[in-house]
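Side chains are part of it too, since the values below use all heavy atoms of this structure and drop only hydrogens, waters and symmetry mates. Predicted model, so just to flag it, every value in this text is computed and none were measured.
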Amino acid sequence: MKFHDLQNLIPKIQDSKLPGLQAQLQMAPPGRSQVLRQTDKPPKKAAVICLLYPDENKITHFCLIKRAAYPGVHSDQVGFPGGQLDKSDKSLWVAALRELHEELGIFPADVSQVKTLSPLYIPPSNFWVQPFLGICKTTPLWIPDTKEVSEVIEVPLHDFIHSTVAVSSAIHTSKGLLQNVPVYPLRGFEVWGATAMMMAEIQALFKRV
């Protein structure tokens, strides 16, 4: 998709109703639909951003990151840039922009909000995550924080919209189990779990408009 075509779609995206949980559940791991809300203790809040931007040929892309290895349930996983809401953040959107800058060096002033997507609860880490669609009108110069990001994964939007879902038997879950889970095979990576659920809503949204 040419970037100017994406820009022409922005008003329709903003006016379109969110596909919501029904779309998210299409990529849910086994048992996730039974654990949609935390009940024992208040969840932490976080925000992530699906950043849309043109490459050097004016083709629309978005980026994912492969997180660095660290002691935690999301170590070494593929996801959107983002992270936990800090006390200094005035909103979840501000938190998403701050994390985008910290992780990839993109300045908040270069990013505009397109749409607030449906929030999602992540049981292993007890987070309510708010995803956003954002847009950067210039080709980003990535400056990854190597302590947090091991690789930047650039995905052509058109390829993703028309991608198919595969099933893998080699996914290690947060509990250390091997499970068959729905995945998006993108750029040599298998994207699954909460990120895939968020992406399913994005895919459904773009197919709608």
Side-chain angles (χ1 to χ4, degrees), residues 3 6-7 9-21 23-24 36-54 60-68 70 72-75 77-149 152-154 157 193-202 205-206:
F3 191 68
L6 169 70
Q7 291 177 298
L9 280 177
I10 294 299
K12 291 184 178 180
I13 294 170
Q14 292 173 330
D15 291 341
S16 182
K17 183 179 178 182
L18 288 173
L21 183 63
Q24 291 175 339
L36 294 175
R37 298 181 185 276
Q38 197 274 345
T39 56
D40 296 331
K41 59 182 180 179
K44 297 163 285 186
K45 294 182 180 179
V48 300
I49 184 168
C50 176
L51 183 66
L52 304 166
Y53 60 89
T60 304
H61 283 62
F62 67 91
C63 79
L64 298 165
I65 60 173
K66 186 172 187 292
R67 298 202 172 274
Y70 67 94
V73 295
H74 301 302
S75 171
Q77 291 184 1
V78 173
F80 288 118
Q84 187 169 354
L85 178 72
D86 282 354
K87 292 181 179 179
S88 61
D89 295 325
K90 295 182 179 180
S91 68
L92 285 164
W93 171 246
V94 169
L97 291 178
R98 174 183 54 75
E99 289 282 348
L100 181 66
H101 180 247
E102 291 176 359
E103 292 178 341
L104 294 177
I106 305 302
F107 288 99
D110 294 333
V111 181
S112 299
Q113 184 175 339
V114 174
K115 197 173 185 69
T116 303
L117 301 170
S118 300
L120 183 66
Y121 177 63
I122 303 180
S125 52
N126 190 33
F127 268 103
W128 269 110
V129 178
Q130 177 61 67
F132 294 95
L133 271 181
I135 190 169
C136 178
K137 295 183 179 180
T138 58
T139 304
L141 174 62
W142 309 118
I143 308 175
D145 179 352
T146 55
K147 293 181 180 178
E148 297 191 65
V149 179
V152 180
I153 305 161
E154 300 189 80
L157 180 62
T195 299
M197 293 174 72
M198 296 174 198
M199 290 173 65
E201 182 177 48
I202 295 169
L205 179 62
F206 273 98

Task: CD-CD1 distance between Gln7 and Ile13, expressed to the nearest 0.5 angstrom - done: 11.0 Å
Task: Nearest atoms (heavy-atom pairs only) where Pro144 meets Val152 - done: CG-CG2, 3.9 Å
Task: Test side-chain hydrogen bond (donor to acceptor under 3.5 Å, both in side chains) applied to Thr116 - qualifying residues, sequence neighbours left out - done: Gln113
Task: Beyond-backbone contact of Lys115 with Leu18, side-chain heavy atoms, under 4.5 angstrom - done: yes
Open item on the list: Looking at every non-hydrogen atom in both residues, tell me the closest pair between Leu85 and Asp89 and how far apart they are.
Closed with: CD1-CB, 3.5 Å
Open item on the list: So, taking the atom named CG in Leu141 and the one named CD1 in Ile106, what distance separates them when rounded to the nearest 0.5 Å?
Closed with: 7.0 Å
Task: Atom pair CG/CD1 of Leu52 and Ile202 - distance to nearest 0.5 Å - done: 8.0 Å
Task: Tyr53 and Trp142 aromatic ring geometry - parallel, tilted or perpendicular at 30°/60° bounds - done: perpendicular
Open item on the list: Return the CG to CD1 distance between Leu117 and Ile49, rounded to the nearest 0.5 Å.
Closed with: 10.0 Å
Open item on the list: What's the separation between atom SG in Cys50 and atom CD1 in Ile135, rounded to the nearest 0.5 Å?
Closed with: 10.5 Å
TODO: First locate atom CD of Glu154, then atom CG of Leu51, and finally report the distance between them rounded to the nearest 0.5 Å.
DONE: 10.0 Å
TODO: Check whether any side-chain heavy atom of Pro124 lies under 4.5 Å from a side-chain heavy atom of Ile122, and answer yes or no.
DONE: yes
- [ ] Would you mind reporting whether Phe132 and Leu97 have side-chain heavy atoms less than 4.5 Å apart?
- [x] no
Task: Any side-chain heavy-atom pair of Phe206 and Leu6 under 4.5 Å - done: yes
Task: Nearest non-hydrogen partners of Pro131 and Pro119, listed with the distance - done: CD-CA, 3.9 Å
- [ ] Could you please spell out the steps behind the side chain to side chain contact (heavy atoms under 4.5 Å, CB included) verdict for Thr195 and Val78?
- [x] CA-CA 8 Å; Thr195 299; Val78 173; 5.6 Å; no
- [ ] Would you please name every residue forming a side-chain hydrogen bond (donor to acceptor under 3.5 Å, both in side chains) with Gln24, sequence neighbours left out?
- [x] none
Open item on the list: Can you list everything that forms a ring pair (Phe, Tyr, Trp, His ring centres under 6.0 Å) with Phe80? Sequence neighbours excluded, please.
Closed with: none
Open item on the list: Between Leu120 and Glu201, is there a side-chain heavy-atom distance shorter than 4.5 Å?
Closed with: no
Task: Any Leu205 side-chain heavy atom under 4.5 Å of Ser16 side chain - done: yes
Open item on the list: Can a donor-acceptor pair be found, under 3.5 Å and without considering hydrogens, that links the side chain of Gln130 to the backbone of Val48?
Closed with: no
Open item on the list: Using side-chain heavy atoms (C-beta onward) and a distance below 4.5 Å, is Phe3 in contact with Thr60?
Closed with: yes
TODO: Measure the acute angle between the ring planes of Tyr121 and Trp128, then classify it against the limits of 30° and 60° as parallel, tilted or perpendicular.
DONE: tilted
Open item on the list: Quick check: closest heavy atoms across Phe127 and Lys45, and the distance to 0.1 Å?
Closed with: CE2-O, 3.7 Å
Open item on the list: Is any side-chain heavy atom of Pro81 closer than 4.5 Å to one of Cys63?
Closed with: yes
- [ ] Mind listing the closest non-hydrogen atom pair of Ala47 and Ala95 along with its distance?
- [x] CB-CB, 4.4 Å
Task: Side chain Glu103, main chain Gly82, donor-acceptor under 3.5 Å - done: yes
- [ ] Inspect the contact between Lys147 and Glu102 and indicate whether a charged nitrogen and a carboxylate oxygen are less than 4.0 angstrom apart.
- [x] no
Open item on the list: Please check if the number of heavy atoms outside Lys137 that lie under 6.0 Å from its NZ is greater than 12.
Closed with: no
